[in-house]
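To find a chain, count down the sequence lines: A is the first, B the second, and so on, and within it residues start at 1.
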Amino acid sequence: MASESIVVFAQFQSAVDEGFWHRLSSLKLNKLGIDDSPIPITGFYAPCSHPQVSNHLTLLAESFPSESNEQSSTAATSGGNRNRCPVPGILYNTNTIESFHALDKKSLLKAEAKKIWDDIHTGKAVEDSAVLSRFLLISFADLKKWTFHYWFAFPALVLDPPATLVDLRRASQYFSLEEAKSVSAACNEWRNSSLTADVPFFLVCIDPNSLATVKHIKDWETCQSDGNKLLFGFYDPCHLPNNPGWPLRNFLALISVRWNLKSVRFLCYRENRGFADLGLSLVGEALITVPQGRAAKTGNGLGWRGHQCLPNAVGWEQNKGRQVSRCISLAKSMDPTRLAISAA
Amino acid sequence: MVLTQKLHEAFKGTVERITGPRTVSAFKEKGVLSVSEFVIAGDNLVSKCPTWSWESGEPNKRKAYLPPEKQFLITRNVPCLRRAASVEEEYEAAGGEVLLDNEDNDGWLATHGKPKDKSDEAENLPSMETLEISSKNKTVKSIPSHFGDQDEDIPDMADYEEPDNIETDAATLPSTYLVAEEPDDDNILRTRTYDVSITYDKYYQTPRVWLTGYDESRMLLQPELVLEDVSQDHARKTVTIEDHPHLPGKHASVHPCRHGAVMKKIIDVLMSHGVEPEVDKYLFLFLKFVASVIPTIEYDYTMDFDLGSSSN
């Protein structure tokens, strides 16, 4: 425990449902034509729910904005779905394979990172924590061959220097038995309420009597009380025992900018079969250091915490360990003659 | 799809269009569900096993007899760490297993594999007399693992690898697309994940299970490859590849033609033990039975409560 290392985060992983590509194809054919302006889309994720596999950011047919009122009414009823926490994203679908490869990935990623940075500074991210995780998808839909080239990015603001890890252990080893019981109950209650089930960032407040409550991050000020333990919790899609998942990166940036904390106690919230699992969840402590030269100015809202100073961002998804795009062919299920037969 | 299967689908579709949905309960008598009983049982599954949720699917595929927001049930990203075929080999070596029929187990089918001795259970197996799928699927191993590999026109993405353009930092865990510890000593990755969905089959008046597979790098699996994760007794008989009633594309499905009879049998065994089965528990019983068909797909059907109202 004594040796300090930096916090190493497990990247978000993407998974695309076939329905998403079907929806994109019909949009492209029936509505968009050669219009290649970016489209706002929604990805979905949930806390890790199995000790051996991570959860993914999933794109579905419903990831596209709804076409009609009829659909938007069902979108409203699916709000609060605990297995579908929405993550805002943007799709750049190009018209040719050449323009797909020619996209300036660096500046696209930077543009999305800037949205996160802006939301942190305006306080929007405190009110609606879902905007802390964003994603970017670039694609080329070859509708002659029913082949889709694509690449995801999950923009993460880079702390410089990186956050160091003071402690990281299973939540069941960190909490006392009494606390663990209360934390589990409070988290399950949070996940079971349709008002909070899909709110991925939260606070866990434990009073001196080991009684835990889960609160919105906007209630941070009211949780400040002597003797209370305060943890910054997030839905962790990752299952690994030694690495927090990707959403913690932007959460740490928010915590540092908004509340100027040097030491952050965080909870990587994970589930087993849909219920809080503190054996799988992690509790860690990270130290955030601000560069010396700039630290003096932070009181004035300048330095790296200043709104004008956009931190570096990383996050293009790796494909089998390589920096390449992915490709999927759906000719089998999208061939129009075959579809015509099955629709008859 | 073979011709007989197509013909049957056409026949089934016609019957479904001209007959109304079941409204009278025949759960204990026939092992089938009415539409409203399906919704009740689904609500209970979602509340007890929260990894399951209701979805509405494609708007143009919605069934008027089901509530728009409760068209079918789905659980996503379910791990499948090993191929069913390899598990069965080990089971057979260990003597297989049989229908568990004693006081403690209430006559469940055991969850893994099928016994070689089929004297009692052969009749339990949903049979597919007219619906055999083509034997060309025997070459299943040679099918590339996901859709992306099959098209020769797809350029080698290594040509486009751009290490200079893409930044990572020391705080990014290097990606190994390995998602779980693999059980075997060779280096072949076997972790797949599945989206498992349950629809209501109006013709057979039972739930029906659909499987959508993803390989270890989260690419869509060819439906034919899904058969590797099906108990080999069922793989080429009761599991077929068809259009999903609420989602686009071809998906593997456990054919429901014998579901009612199997459920009736399970219900009879329960009742002979003095347990009065409740209809809202139907899907737990059903999923327990389906686990014998897809033994290595670890979806949730946990039951830590009484099955019926008057047990003991």
Practice prompt. Answer with side chain, backbone, both or neither: which region of A/N192 has an atom nearer than 4.5 Å to a non-hydrogen atom of chain B?
Written response: neither
Practice prompt. Kindly say whether A/S14 contributes a backbone atom to a donor-acceptor pair with the side chain of B/R218 at under 3.5 angstrom?
Written response: yes
Practice prompt. With rounding to the nearest 0.5 Å, note down the distance linking OG in B/S217 to CD in A/Q13.
Written response: 10.0 Å
Fill in: Intermediate values then yes/no, side-chain contact (heavy atoms from CB on, under 4.5 Å), A/H56 and B/N77
CA-CA 8 Å; A/H56 311 141; B/N77 196 37; 2.9 Å; yes
Practice prompt. To the nearest 0.5 angstrom, please state how far the CZ atom of A/R273 sits from the OH atom of B/Y301.
Written response: 8.0 Å
Worksheet item: Quick one: does A/V53's side chain get under 4.5 Å of B/V78's, heavy atoms only?
Response: no
Discussion item. Walk me through whether B/T172 and A/R249 qualify under side chain to side chain donor-acceptor pair (under 3.5 Å).
Written reply: CA-CA 10 Å; B/T172 303; A/R249 298 195 71 152; 3.3 Å; yes
Practice prompt. Search all heavy atoms of A/G19 against all heavy atoms of B/P248 and return the closest pair with its distance.
Written response: CA-CG, 3.3 Å
Item to complete: Indicate the atoms forming the closest heavy-atom contact of A/I328 with B/M219, along with that distance.
Response: CB-CE, 4.0 Å
Worksheet entry | Residues that A/S184 engages under side chain to side chain donor-acceptor pair (under 3.5 Å), provided they are two or more places apart | none
Worksheet item: Just wondering, are more than 12 heavy atoms of other shown residues or ligands nearer than 6.0 Å to NZ in A/K110?
Response: no
Worksheet entry | A/E18 to B/G249 - nearest heavy-atom pair and separation | OE2-CA, 3.5 Å
Fill in: Polar side-chain atom of A/N83 near backbone of B/P50 as donor-acceptor pair, under 3.5 Å
yes
Worksheet entry | Nearest heavy atoms of B/A170 and A/V8, plus distance in Å | O-CG2, 4.0 Å
Worksheet item: If you count heavy-atom pairs under 4.5 Å with chain A, which of B/E58, B/E55, B/H244 comes out on top?
Response: B/E55
Worksheet item: chain B heavy atoms under 4.5 Å from A/L109: which part of the residue, side chain, backbone, both or neither?
Response: neither
Worksheet item: Given the rule in the side-chain contact (heavy atoms from CB on, under 4.5 Å) test, do B/D169 and A/D160 qualify, once you have shown the distances and angles that lead to the verdict?
Response: CA-CA 10 Å; B/D169 67 349; A/D160 183 24; over 6 Å; no
Practice prompt. Measure A/N55 against the heavy atoms of chain B and call it side chain, backbone, both or neither at under 4.5 Å.
Written response: both
Item to complete: Under 4.5 Å, counting heavy-atom pairs only, tell me which of A/V314, A/T58, A/L60 racks up the most with chain B.
Response: A/V314
Fill in: Heavy-atom side-chain proximity of A/Q52 to B/P79 below 4.5 angstrom
no
Response to the item:
Shortest non-hydrogen pair, B/Y214 vs A/V16, comes out as CE2-O, 3.9 Å
Worksheet item: Tell me, side chain or backbone of A/W246 under 4.5 Å from chain B's heavy atoms, or both, or neither?
Response: side chain
Practice prompt. Using non-hydrogen atoms and a 4.5 Å limit, figure out which bit of A/R82 sits close to chain B: side chain, backbone, both or neither.
Written response: side chain
Worksheet item: Does some side-chain heavy atom of A/L330 sit less than 4.5 Å from a side-chain heavy atom of B/L220?
Response: yes
Worksheet item: Is there side-chain contact between B/R76 and A/D17, with at least one heavy-atom pair below 4.5 Å?
Response: yes
Discussion item. Please classify the contact of A/E62 with chain B as side chain, backbone, both or neither, using a heavy-atom distance under 4.5 Å.
Written reply: side chain
